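Below you'll find the structure, written out as structure tokens, and then a few comments.
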Amino acid sequence: MKTALTLFFLLFCRHPSVLAQAQESFPTHYIGIGLGYSFDHISDQNFSPLHQKGQGLFYTLFYEQRKENILKIALTYGNNSLKSGANDDFTSDHYFVDVGISYLKNLAASDAVTKFYLGGAYGLKITYLDWKDQDAFSYIATNGLSLSGAVKTKINDKQRIGTTVGIPVVQFLSRPPYNGIDEFIIAHQDNPAAIIFNGKLASFESYKAITWNINYSREILAHFNWNVNYDFSLQKVDQEQEYKSISNRISTSVLYKF
């Protein structure tokens with residue numbers, strides 16, 4: 001018995017990686033909160049023939065689980081003012097909500113410095129425009145599945161950088177008619193979820209979009225990471241009343257690891 005205990009002790013003293021591998025077999029969980037600034041350009045022919053542009057703050061809450069693969073759930077909300085006209089004389093209120101859950105599978109060796117991921121995501125994106133308390137308004141809501149790919153590399157033991165690209169493959173699109181309102185909207189005005197999810201399946205010909213993210217992460221304390229993100233988003237609806245939006249977002253966030 002004494003000999004067995006001695007061998008066990010020597011094994012772990014001489015090979016600390018054995019203990020590290022045992023610890024790494026458990027997934028790492030993160031919860032985080034972020035603050036960012038969004039630069040938005042929107043052209044919505046349902047809403048106005050003029051181009052809208054503006055910027056403002058947005059907020060993000062998210063959860064991540066990391067092992068070999070990555071699971072992420074995120075909620076983003078923002079609102080700002082958009083201006084249009086030759087002298088920016090017209091101001092509209094702009095609200096947006098993004099909800100997403102994604103799963104990325106690691107395709108590289110577990111000890112690789114640079115890792116490649118492929119997976120999918122479900123997302124809900126809502127944009128709402130309002131001028132003078134609904135004298136004019138418009139919205140676009142999409143929900144569905146996207147294909148995602150990512151590359152992440154380890155700079156050192158405390159720093160990582162990565163990029164992720166997402167392209168929608170199955171999306172349901174909801175938009176108001178040209179005059180901004182119809183019988184369905186009137187009947188369900190007290191139930192926004194019914195309007196948001198009253199979408200029709202959109203083909204690649206009628207709806208195009210892409211998201212691109214660059215992320216830098218640094219461990220600042222044993223249980224805390226600091227992130228910096230850049231996000232680019234493009235949406236385009238090719239219908240009679242065209243819609244196009246381009247968003248550039250810069251944000252920072254703090255994650256608690258447990």
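Numbers for residues simply follow the sequence, beginning at 1. This one's a predicted model, so the numbers in the text were calculated from it and none came from an experiment.
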Quick one, [X] and [Y] - any side-chain contact, counting heavy atoms below 4.5 Å?
X: Asn198; Y: Phe184; result: yes
X: Gln52; Y: Phe47; result: yes
X: Lys152; Y: Ile70; result: yes
X: Lys72; Y: Arg66; result: no
X: Ile210; Y: Val165; result: yes
X: Asp93; Y: Leu129; result: no

query: How about Phe39 and Tyr37: are their ring centroids closer than 6.0 Å?
result: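 Centroid distance Phe39-Tyr37: below 6.0 Å, so yes.
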message: Looking only at the aromatic ring of each residue, does the gap between the centers of Tyr77 and Phe96 stay below 6.0 angstrom?
response: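 No, the ring centres sit 6.0 Å or more apart.
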message: So that I can tick it off, tell me whether Asp238 and Lys244 are bridged by a salt bridge, with the cut-off set at under 4.0 angstrom between side-chain N and carboxylate O.
response: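 No.
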task: Would you please classify the geometry between the Phe90 ring and the Trp131 ring as parallel, tilted or perpendicular, with 30° and 60° separating the classes?
output: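 Geometry flag for Phe90 against Trp131: perpendicular rings.
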- prompt: Stepwise, does the side chain to side chain donor-acceptor pair (under 3.5 Å) test hold for Tyr207 with Gln239?
  reply: CA-CA 9 Å; Tyr207 177 76; Gln239 295 179 345; over 6 Å; no
message: Are more than 12 heavy atoms, taken from residues, nucleotides or ligands other than Asn191, located less than 6.0 Å from that residue's CG atom?
response: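 Check passes, neighbour count above 12.
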- request: Taking salt bridge (Lys or Arg N to Asp or Glu O under 4.0 Å) as the test, write out the residues that go with Lys200, two or more places apart.
  value: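 Lys200 satisfies salt bridge (Lys or Arg N to Asp or Glu O under 4.0 Å) with no residue once adjacent residues are dropped.
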- prompt: When Ser253 is tested against each of Leu61, Asn215, Thr60, Asn229 for side chain to side chain contact (heavy atoms under 4.5 Å, CB included), which residue passes?
  reply: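 Of all the options given, the one that passes is Asn229.
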